[in-house]
Every structure is written in structure tokens, then in C-alpha cells.
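The structure appears right after this line, and notes come after that.
By convention in this document, chain letters (A, B, ...) are assigned in the order of the sequence lines, proteins followed by strands, and residues within each chain are numbered from 1.
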Amino acid sequence: MSTPVLETPGGLGAWRPGPVALAGAVAVALVIVGEIVSPGFAGYGQLVNLMRVAAFLGVIAIGQTIVIIAGGGGVDLSVGKVATFSAIIGSRVMDGDDANIALAVALSLLVAAAIGLVNGLGVTFLRIPPFVMTLGMIGVVQGLILAYTGGQAEGRAAPALTSLVNGRVVFDLPGLLFLWLLLGLLAVWLLRRTTFGWNLFAVGANRTAAELTGVRVNRTLILAYVLSATFAGLAGILLLGYTESVFLDLADQYMLPSVAAVVIGGTLLAGGIGGYAGTAVGAIVLTVLQGLLTTLDIGGAWRTVVNGVVLLVLLSLYGRQRRLRS
Amino acid sequence: MNGVSAAGVVDRVRGVQLSGLATVAMLVVAVAVNAALQPNFWDSYALTSNFATFVPLVAIAVGQTIVVLSGGIDLSLGAQVTLASVVAVQVVDGEMGRFPLAVAAALGVGLVCGALNGLVVALLRLQPIVATFATSFVFSGLALVVLPTPGGSVPFEVTTAYRDAVLGVPVALLLILALALLWWVLRGHRVLRHVYAVGGDADAAYASLVPVARTRVWGYVLGGLFAALSALAVLANTGSGDPFVGNELTLASVAAVVIGGTALAGGRGGAGGSILGAIVLALVTNIVFFADVPTDYRQLVNGAVIILALALAGIPALQKRRPAA
Amino acid sequence: MSTPLLEMSGVRKRYGGVQALDGAGLTAVRGEVHALLGPNGSGKSTLDKTLAGTVVPDEGTIRIDGAEARIGGPRDAHALGVAAVYQQLSIVGDLTVTQNVVLGLEPVRRLGFLDHRAARDRAAAALERFAAAFAGRLPLDRPVGALGPGERQIVEVAKALARGPRILVLDEATASLHKEQVEVLFDVVRELRADGVLVVFTSHRLDEVFALCDRATVLRNGRTVGTVELAATDEDELVRLMVGDAPHQAPRASGATAAAAVAGDGADRTLTPSSTTLEVRGLTTDRLRDVSFAVRAGEVLGLGGLQGQGQSELLLALFGGAHATGGEAVLDGRPLPLGSPAKAARAGVALVPGDRGRQGMFAVRPIQENLSLASMHRRATAKVALRAGTERAAAQTMVERLRIKIGSLADPVSTLSGGNQQKVVIGKWLLDRPRVVLLDDPTKGVDVSSKEEIYAIVRGLAADGAVVILNSSDNRELTELSDRVLVLFEGAVAEELAAEAISESRLVSSALRLAPGEKL
Amino acid sequence: SSDDGDGGGGEGGGEGPFTIGLSNGFVGSEWRTQMVEGLETAFAEYEEEGVVDELVVESADTDVNGQIQQIRNLINRDVDAIIVNPNSETALDAVFREATGQGIEVFAIDQAVTSEDVTNVVIDQAEWARISAEWLAEQVGEGGNIVVVNGIAGHPANEMRWGAAEEVFDGAGVNVLTVADGNWDQATGQQVMTNLLATYPEVDGVWTQDGMAEGVFRAVDAAGRLDQITISGEARVGFMRLWGEARASGFQSIGVVNPPGGAVSALHMAINVLEGEEFASGSIDGNTVTIPIPYTVDEATYDQYWGEASAESDAYSLDGSLTRDEAAEFFE
Ligand SMILES: Nc1ncnc2c1ncn2[C@@H]1O[C@H](COP(=O)(O)OP(=O)(O)OP(=O)(O)O)[C@@H](O)[C@H]1O
Ligand SMILES: Nc1ncnc2c1ncn2[C@@H]1O[C@H](COP(=O)(O)OP(=O)(O)OP(=O)(O)O)[C@@H](O)[C@H]1O
Ligand SMILES: O[C@@H]1[C@H](O)[C@H](O)CO[C@H]1O
Ligand SMILES: [Mg+2]
Ligand SMILES: [Mg+2]
């Protein structure tokens, strides 16, 4: 957590592929490896399946991208738990009935946003480092889940939600993928074409300078955490549509992979540099890797080892820190 | 000259006190509340068992502190605890005679894991959070290879001694004091000075002839060695091997570091605070239990209290802060 | 001249698309103070760093005492007797002064354990000469981060001196120092020269160069264009050598015209020069005491005095960047909200802060965003949605008006030379049409011709009806630009100099007279 | 008061009322909630009778170290018996000795532990797995191809179950194409199964265990292959609902009950032990008391059990526990 600066890809002279292209190439390479190791892996149906699985990580990682860009050690470890909580609320409120969808989604997102607000307030006004603030928030949200459910999640996804997520739209592609595309475009627009986005990059690049340029730094940061939790909540709802019923740890496992997706996509953990397009590809890379590992018939232990090693290789392709000596 | 140094010492002491004070205050409050809620808190079993509970987290928190001070973070420390413990338990296999060998094996594992992390972060220059997240898979996978299912036993003498008391002082407390002493000794060493410098400003340190990469590697290696000590404490505490045993210590160790007043940005703080921070964290769980908070609300209260502790830990920094200047 | 102590030749270094050094070199002898001059971005710091080992050149040879030297890092340089004071300081804020001075070369006892006493002694010895700068008490055990900029600069110098160099590189080592501290440093340098040390000295202050140096090597566009005996040359000639054959740029059309030309659709404020006044009453912070004054539109109010007497703090406080514990400011009869930079900015106040890197710019972000940021909300739809074309046009006008030398608006601002970075930091505010402009050392480290351009911008702002408050560590600059000067001492206004009373010598004597105990 | 080793309860003295502690180190699964709630209900009955006075529950997501702390807290609360659902088969051994050293009776449920100081009151996990494995082997037949979605590699219950199932498949000549991990997590199970389906077009069946059948079902359903692939299911309402809906089109499955009510059975045993009863020699093997698997839901019994359970929420596990009388039969 030093103050790493990404090696800027050479200007006019030495052209290097940008992070998005590189991550994309890796995804393709993994698919090819998959097809060789286990024929059928690159089939259309399987690719669609992989994309579908990637979508949840991809949506959770929208918010993660935003808080990481905000810098100052920005990271949101609570996204997985927030997504779980949102799905639990959504499931209980909609309870299998289409008529309740709007209320359920609104309520879930509202609660998620409120959690994000607390994260943001803790990070700004209480000056708790984001890593531990959002880590502590996991415990609180888990507590809220237990208090809310008494340990027993209830309800079910409404059919309309399920068909929106799982139903085929065109080319046999599930609606989920179109939702992801839409949210992804929204994220890119937010980051690149809004005052919030530019303020966010400025805050991430140099918080003091942002303050002294009249940027409302705290407001920007708080909004970043609110957005992060909201996108996590949204991912929870989508996941609910996918699994139809919920479980107390439904989305917990997205915590660190969401960070990894962001980094593989070329966003700098130190903040100020990055974007969502890379993250989306990063989510696909990680998902393809998981799919590939699943289909490899090696023992669970070695599978874990291979997972780690491949992750290291992926990370070393991009997102390395600046050299001290130039 | 003498006047100068006296003023300087006052400054320095005040700086240390300011960041340490909040942690000490939290510890005092936690102990007081726990003692008030738990009638037998000061009984010898309660004391011994409490300290026995603290040691693994205390040890890993010291290791995490060093890594954090160097400007990094190690999310694989828990997996290292697991790997070191299963290797050690395989080596010792219940035989006291092989215990020294097991200690050496655990330390060896910590050293190698730390060196690998150091290599990946300092030489390949990967970003620590994600790089050590990746190596944690490697380590926990290897732990499963070494010990596919729980088993193996720790010599009876070790588990017994760990729970013993010498002249009324729990052995586990002595171990914590030993960890603090070890930290104090390390602090006087050039490597730790360089760790502070690199974590504070790597560019400046590099230009000032500090071997930055080597120092970062040292940071991770020391982190790994303390993870190995934590592994040994875990073994003494559990009496047996388990291929998942340490994984969840990682995030708690980071929380302990922050509650102890060390800056996650690196370069500022120390393991003394982290030791207290680890104890505070463990006591919070006890307090929530003995306060008879209803089961369904216990995790909520627990989480809220930890966030409160994290906020309190930052108060000295808050006071010293000058906006934008 | 005998065998040169240092010979650098044919040094090339490329950063991505920027050829920072393109055949630079330098030859200097023992016992010489050798100036390294050139405009911003000409490669001086890069050449210095090549010698000090923090930059590895693509090509080029370095000979020391006639033998070819391989400098692969700072440790190699150290082994060859090179020590450097970097433009970007190389001290660690959280370590104490002592720890910084001995950093990397800590005295140790057995097994690498630190020898604290030896370290203190070494640090005390290195700093003794500069004791006056610390009011006579060496802050050996204070964290460097708690010191003022001048004090930090001195620690950096002491650290280099403590390494006992044969070759000492000073890269803009005087930029944060005030006159009297500069004199101490010069005395030290002269002693080193007498001891046969070679000092390579980089500064944009030509008076310093003439006062201290024997010869000067001039860089332009990464190339050495010549070496001159300073005794046999004058300032004009030196400037000509630095700027080249390009016609010396006349001060341009005023910056305010530029501002008017690019103001966006939100520019609804009409500037009525006579009406704008800023009144400050009893402003107090932990570094300011009861500061009161009034400035009219069109006036440039200078802030003078010794370095670190609260000038920067005053500007920060007016912008809300330092916490005001008392007092008020009134702009055009309406209270100016203190305590929030965002509110200050919206009330029409602009701050060009003293530390560009830390406070003024977003190094890794594109020039485009750096220029847009302060004013984009005026051009955005519903204050949120940005139009790429509009933003580009706004930034582009500013680049042209201020003659900022850039490749593309999309390049990170960090790829610009210091002077051009400074123009970006000023330019972002011009797009916002400020009514009050606070300038903290706006030409620090800026080369001669950029300086002139910035002066023109400042004058233009005033002419166009803005209130301008200017702090400068350069007395010449204060003299040239100010209509009035407030001399600050220990956070309070100690003296006010009216236009006719402002001169460089008067500024120096005012500053010094206020601190009689600190005679050098 | 506790360091003298009497732990408040005394050595099988039978002088109640007793204090019971529960240590549960995992709350991420509704199964565990059901387990805690069932125990609380059964406890309330004893409480009314004055046999017991306090149930101290320690239930949180934690690791082995945290569970050790839980158990120490229970010891410090002077409980007479501890019922523990252990996070590790071995790593709690030392703290169990601390408890039993103070005269506290310790019972492990759901997952047997190695400590000889502890009485395991568990179902036979191997047998549990074998029932569904045998059924699946029969369905796909010799030479049939299956994939496996397991829990967490290295987790003892997982290893025990898979060990038994693998033997069955080997013996029956069923080809296991691959074994993947679904982490006992519905969503993960669904994603893993989706990947497997695309990679192994020739698959005839899938064996999964405990908590993932619903996800596996949805993945197979989404691929439109419910009619070709046999799924070993589970006795939980969510899965049974899907199963019931698909029955019309000929879908068959099996659900072997893994009872959260094991905690209740253990409570009965604990009370007997505290009251001074001794296990009958035939009812205990070493330190393990194996309680029978309550029942299995299959084609024949589906309607009956669905009728009883359909009102429960999706996460509900079909349950069963020993009655007091049945428990008493384990004693002399
Ligand atoms: N690390 C770097 N990455 C990219 N470009 C760089 C880097 N360092 C220097 N440059 C570029 O190299 C050129 C020379 O820079 P250098 O710092 O040597 O100039 P300088 O003469 O010291 O200027 P100044 O007077 O402003 O200090 C500039 O164009 C600068 O932008
Ligand atoms: N990492 C980097 N990437 C790109 N450019 C850099 C980098 N580091 C330094 N530079 C460039 O090198 C030049 C010199 O930088 P330096 O920090 O020495 O100057 P400064 O303090 O900003 O101001 P000045 O050069 O005006 O004195 C600047 O133009 C800067 O943009
Ligand atoms: O055996 C049980 C069940 O598998 C449940 O799903 C979670 O806890 C495990 O221990
Ligand atoms: Mg320079
Ligand atoms: Mg420069």
C-alpha cells in the first residue's frame, strides 16, 4: 500500500497494449487453452455460460472500481456481504410475486446504499482506513442479516426477475448479459463523462490538490462508497434472479475476486488511474479461469495452487508498480 | 545541545504516546468491562485460557505490522500460518524429540513464503493486496497437499506447557511478552529502520541509499517468520493439525494493526500497539458473550464495537491533522 | 586545467515520447562550483539524477578522475563520492531529523544493530552550521514532516554533506530557502570548494549563479549548448544561451483577456473592477495572528517577510484550506465562507498553491482534466453531464492563450516540464474567471521566459478587475508585481510597504529587521 | 471457582439443574440455524421440568481459533455440558481436554471429532453418502458417466462422504468424469455445474451433496437436460419443490435426510450422562454414538414427506431426532 504509480505505457515511442486489450487477450488465450485441455470449452453455449457467471462479478466490480479509483487505499471489502444482504431482503420482500418486485428492489438498494453511506462516513469523517472500515462492515452486515432473518432466509425470487435474468433475449443470450452491458455503459459514462467521474479521478490522483481545486472531496468519496454498495446490492438482486432462492452466504465469495478483477483490468490500487472497461474484462478473465480450473480434473488442493499461480501471472502482465530507478 | 535533546525527547515521547494512548485506553476499558461482566475473570483458568487464546493473533499481528510498516500488506499471512502449522505437525507427529525440528520446519516455511511474497512484491513489483491474495491460494493449496485431512498430533508436553503458569504467570502471557521483546530488539536493528523509511517514502529511501527491494523482501520475510510463530502457537493451542486453521487470522491481523495505531499507508506505528490491538479484538468477543447480548444480535454488536475501536484508534491522527496543509 | 574530476558526455535518456536528454554533457574540475543551467524541462534534473544514480541513461559516458564510471544506482554513485540534493527532496517525513541524515548509512554496532549515539553525533555535526535556521535549536529528534519547507531543505542538504562527497549535486537546493539561509549554504559551498570538492549547482536564480559559481554549462532541449566562464559573461548573454536563437518572447497579451475569451456559458458574473474588494478582519489560525487588511480590485497585494512567517498559511486560510479559528473575510460586502475550499471557489476565489506537486496538480491525470476541473460544473448539463467537445475546446483555448507546451491534451500533466505544469495550474483557474486570485510562489522553479509569461498573466488578471494576492520567495518578483506589500512576521502583519517603498533591498531589510535575534 | 476442576457440575453427580453450552462456529448455513432452534425448543421442555436452568449459546462465523475461544468462554460460564458442532475434526482436541479436565461433559454433533474425551453423537456420514451414491449408480448403470459437485476439498465431512461415495461408484463400474468443488454454496454449485455441463456433453448423472442440489438442478434445467441427467438431490424444501414440479415430466431424485435435529439427540444424551447414566456397551463404538439416519425421500415417499414439509421455507432441511425414550435406550 505504498504509493505505486502504474508504469505509464510508453507514449508515442514504445507502444504497449493497454490493460483492456491485454486482459482481453488473456481471456481469449484462456479460452483456447480450455478448448485444448477440454474440448467443448469454447463452444458457444459454454461461452455464454461463462459470460453469465462473469456478469455477477462484473456488476459487483463496478462499485469496486469506483472506490479504488477514489484512492487513499480505497477498497470495499463489504461488497459481497452487501450483495448477500440485498438478495436476502429482495427475496423476502418479493416472496415469489411479481407485484412486489419494484418495492423489493427499491428497498434492497436503499438498504445497500445506506450501508455504503456508513462506509463513506467512516472513511471520511472518522478517517478509518477503507480496508478495515469495510472489513468491519462485513461483521455488521452479517449481524444485520442474522438479526433480520433470525438465521433463516425466506422468500423467493419473483418469476419476472428470474426470466429477466435467465430468459433468452436474442442469439440465445440471457437477459442478464444485456443488463450487464447496460450497467457497464452506465459505469463508463459515469466515470468518463460526468463531473462526478472527473472529480473522482482527481480525488484519487491527489486528494489535497482536489480539495484545493474546490472539489468537494468528502462528498465525492461518500458518493463513491454509496455507489459501490448500491451496485453490490444490484448484483445481489441479479444473483437472486439467477438462483431464485437465497442463502445466508450467497455472494460472500465475491469480496476479493472483485478487487482482483479491478486490478487485472488495469485500475491502479493507489487510485487515480483506471476505468470500468478493464474491470469488465478482468471479471471475464477470472471467470474463465475458474471455469477452466473446474473442468481440469486435478485434485482440489492442486487446483487451488494452480489458481494462485495463474493469478500471479495475470497480475504481472499488468498493474505492476513503478520502478524506483528510471 | 543538551537542551535540544531534552526537548526532542519530549516531542518524540509525546508522538508515541499520542498514537499509543488510544489503544491503551481501549485495552483498559475492555479489560474493565470484561472483568465486570465475568465474575471469574481473574481466576487462574480464565487468565491462562484468555492469554492462550490471544497468542496466535498477537504473533500474526506483529508480522502484519512489519509488512504494513514497509508499505505493504500481506493477505497470505493466515494461509502461511496454516501451511507452517501443517508442515510442523507432520514433522513432529506427536514426538517431543522432534519438536525442535518442527519449530525449525515452521520457521523455514515462514521464511520461504515470506521470501516468495517479497519476490513477487519487491522484484516483480506486483501490488501487494492482490499479489498476496494470489499467493494465499498457493499456500493454502499446499497446506491441503501436505495434510489432506485434519490429523497429526502435537506432543502432550507442548500443549500442557502452553496452558501452564510459572509462579502464577501464564506461560501464554510470557510468550506475548517474548513477542513484544522480540519486536523491541528488531526495532533497534537497521533492517527495521529501513522498513520504516521504505514504508514512509520509498523514493526518498532509494535515493538515500536504502536497499529498497531488499528491505521490502525483509518485511515479508519477517512477516512470514512471525506467521510461523503464530502457527506454533496455534498448534500448542489446538493440539493437532488442520488444513484450514489459520486462514481467517489474516483479516483480523489487519484490524489489530489498525486498532494498534499503525498507519496502513506504511512508515508509521509499531507492533506494540498491534499487540494490544489484537488483545482488544479478542476481548470484544468475550465481552459481547458475557454481556448476554441475544445470539442473533451478537455479531451485529461485535461488528459495531470493532468499527468503534477502529474509529477511536484514528482519533490521535485526527487531532494532528491539518486540512490540506 | 588538470584532469577533470567529472566528465559526462553524450548522455541520452528517453521517457516514452520525451527525449529528456539528447547528448548532454558536462566537464568540471576539482574545487569548482559549476552551474548547470537551462529552461524548464531542458534536462538539468535528469542529468543530475544520472550522476546521482537514480536515473540510468540510455547512452552516454561518465568519467570520474578520468576513469569510466558505471553508475547503476545511488549506491554506485555514493561509492564514487557523489552525493546529491534532489529537487524533489529525498527525506522521509515520518523519520526524525537524525534518522534522515544518517539514512542508508546508519552507524551500527554488531550484527547490524543501530548505534543511536553515533547517529545523533553525526547528524548534529552536519546540521551545526545551519543552527541559525532553526532558531539555534537543532530539532534532531523531531520528525522531518513536522518541519517547515526551508528547514526540510536544510536537512536534505545536511544529509548530502554528511556523506562527505567529492562531488556534490545541488538541484534547486535554494528554491525553498530564504536569503539568509542561502548565504549559509553558500558559505558551506565555498568551503567545500576550498577543500577541492566539485559542486554542481542548478538554480533558476541567476543572481545566485553569478554570486557563487565559477563556470556554467547550459542545457537546451536535452543538449549541452555550451559552457561559459561566468566572470566573462553577463546575465543577458546567459539567458540568450539558454533560450537560444528564438526571439525573446515579449510579454504577451494579458492573461485576463485569455480568461475572458474562454469563460464558459456559466460566466454570468460581470466584473465591475471598482466594486470588487476583499476585506480581511482579524483572521487567526494556529499560525496566523489577527491579520487584517483590505485589497481593491485591480490591485496586486504582495506578501513579504522571511520564509515561513505565515504567508502560505494566509493564502490557504482565505481559500478555506487552513482552519480559521477567528476573524472574517468580506468580499464585495458579502461574507466569504472560510473553512471550505469548495465554497471559496464558488464564491470566486482561486488559489495557486505553493507546492504544485502536492497541492496543485493531478500528476497522473490528463492535461485536459487538470484544466477543466475547477470550472467544468459551469459547462456541464445539469452540473453533471460533461460534453467532451466543450471541455476540449475550453482546455485548448487555455493551452493556446498561455502557450502551454504540450503534446496532446490526453497526456498526463506529469509529462510536462515544471514551468508548463505551473501554467496548467494557473490556467485551470482562469477558466473559472476568479474575482480573487491567491498566488503562492507561482514561479518557483520556473524558467526565465515562463516567468515573464506568468507575470503577464498576473498583471492581466489585476487589470481585468481581479483582486490578486501574491506571495513570493523571490524579492525581485515581489518588487516587479506588487502594488503594495504586507510584510509578515510570526503570523502577523508587521509592516505595510506602499508602492513607492517597495524595493528588493527594502524587502530584505524589512524582513531581517523584524528578526533581530537571527543575525547571521 | 473453576480452577479447582469441578466446573460447577460435578462428576456425573446427577444434582441438577444443569447448565448446557452450545458452540457453533458457522452460521452461513440455514441448517445451522435450524439446529440451534431445534435445540432451544428441546431445552425449553427440560427447563420446565427443572432439569436444566440455562442454555448458553455461542454461535457465530468463526475459525478454529475463535471456536476455541467460544469453548473457553463456555467453560468460564461454568456449564455442565457442552454440545459442539466442531469446525475441525482434530484441532479442538486440546480445548476439549481443558473442558473435560474440569468435569464438563462434551458432545460433538454433525461432525465427529478425534478427541477421546468427547462423545460423538453423529449420523454415519459415510452411510449417508452411500445411500444416494448407490441410488445414482443404479440409475446411470454400469458404464454410466457422472460428474461430482462436492463441498470443500479437505473438509472432513466432505472427505468422509466422498470417500464412501467413490467406493460405491468404483464398485458399480460408474465412470466419474471429474470432481469439482461447489463449496457447499448454492450459487457456486450452480455455476460449477454450468461449466461442467458444457465441458462434458456425455454426462448421464451428477452426484452432489448437501446444500447444492438446488443449484445443480437449475443449471441442468437451464441447459434443457433434465430428462437426460440424473441428479442426486437432497431433503430440503427448496430442492423438493423443484423436484416436485419436474416429476410430472418424469424427473426422479433422492433426498437423504441429514438432520439438524442431531443436536436434540445429543441434548438427550447429555442429560442422561449428567444424571449419571452410563452408555450401554453395544450402543457406543469407542467414543462415538451413531444415531440413525432418520429417513430418505425418494419416488415412493415423496408425497408423504412433501406434505409434511411444504409449508416450511426453502432453506428448511427435513429433520428428525431421537425422542427421549429412544435416547434412553442407548444407556444401560
Ligand atoms: N520520469 C520521467 N518520465 C517522463 N518524462 C520525464 C521524466 N523525468 C523527466 N522527464 C521529462 O524530461 C524532460 C527533462 O526534465 P528535467 O527534469 O531533467 O528538466 P529540468 O531541466 O530539470 O527542468 P526544471 O528546470 O523544470 O527543473 C522534461 O521534458 C520532462 O518532462
Ligand atoms: N514520473 C514522472 N513521469 C513523468 N514526468 C515526470 C516524472 N517525474 C518527473 N517528471 C517530469 O520531470 C520534470 C522535472 O520534474 P521535477 O519534479 O524535478 O520538477 P518540479 O519540481 O515539478 O518543478 P520544476 O521542474 O519547474 O522545478 C517535470 O517536468 C516533470 O513533469
Ligand atoms: O453437515 C452440515 C451441513 O452440511 C450444513 O449444510 C452445514 O453444516 C454442515 O456441517
Ligand atoms: Mg529540475
Ligand atoms: Mg524540474
Side-chain angles (χ1 to χ4, degrees), chain B residues 1-16 18-19 69-71 184-215 218 262-263 265-270 317 319-325, chain C residues 49 52-54 73-75 77-78 84 86 88-100 102-109 111-114 116 120 124 131 134 136-143 145-146 156 159 163 285-287 312-313 316 319-323 339 341 353 358-359:
Chain B
M1 235 6 260
N2 280 334
V4 174
S5 67
V9 169
V10 170
D11 268 0
R12 187 170 50 180
V13 168
R14 190 178 302 140
V16 170
L18 218 71
S19 51
L69 284 174
S70 80
W184 185 80
V185 169
L186 280 172
R187 247 191 87 113
H189 195 274
R190 185 172 46 197
V191 165
L192 252 292
R193 169 65 51 75
H194 288 176
V195 160
Y196 275 94
V198 169
D201 187 336
D203 284 288
Y206 178 71
S208 307
L209 311 180
V210 172
V212 174
R214 200 197 310 162
T215 301
W218 266 116
T262 292
R268 195 155 14 103
Q319 287 171 337
K320 278 194 288 189
R321 173 175 81 98
R322 287 175 52 83
Chain C
K49 287 183 197 162
T54 51
R75 308 200 132 230
H78 173 71
Y86 294 88
Q88 225 78 68
L89 301 187
S90 66
I91 48 182
V92 180
D94 288 321
L95 295 186
T96 66
V97 169
T98 297
Q99 291 168 350
N100 266 289
V102 300
L103 187 59
L105 296 172
E106 291 85 357
V108 290
R109 288 179 293 212
L111 301 169
F113 285 94
L114 299 164
H116 299 286
R120 277 180 65 86
F134 301 101
R137 299 193 302 159
L138 298 184
L140 290 178
D141 297 313
R142 290 185 65 190
E156 172 88 3
K159 187 174 85 177
R163 273 143 223 245
T285 73
D286 25 307
R287 289 181 207 162
S312 298
E313 177 86 353
L316 273 174
F319 194 67
H323 180 60
R358 274 193 345 118
Q359 305 175 322

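Residues that satisfy the side-chain hydrogen bond (donor to acceptor under 3.5 Å, both in side chains) test with Ser312(C), not counting sequence neighbours, are Asp440(C).
Per-residue heavy-atom pair counts under 4.5 Å with chain C were compared for Pro211(B), Ala205(B), Ala197(B), and the maximum is reached by Ala197(B). Put simply, of Leu95(C), Ile91(C), Leu111(C), Asp94(C), the one with the most heavy-atom pairs under 4.5 Å next to chain B is Asp94(C). Your options are Thr98(C), Asn100(C), Val108(C), Leu89(C), and the one with the most heavy-atom pairs under 4.5 Å with chain B is Val108(C).
Residue contact with chain B, scored on non-hydrogen atoms closer than 4.5 Å, is absent for Arg109(C).
Although no hydrogens or angles enter the test, the distance criterion places a donor-acceptor pair under 3.5 Å between the side chain of Arg75(C) and the main chain of Leu209(B). Formation of a donor-acceptor pair under 3.5 Å by the Thr262(B) side chain with backbone atoms of Gly270(B) is found in this model.
A donor-acceptor contact closer than 3.5 angstrom links the side chains of Arg187(B) and Tyr196(B).
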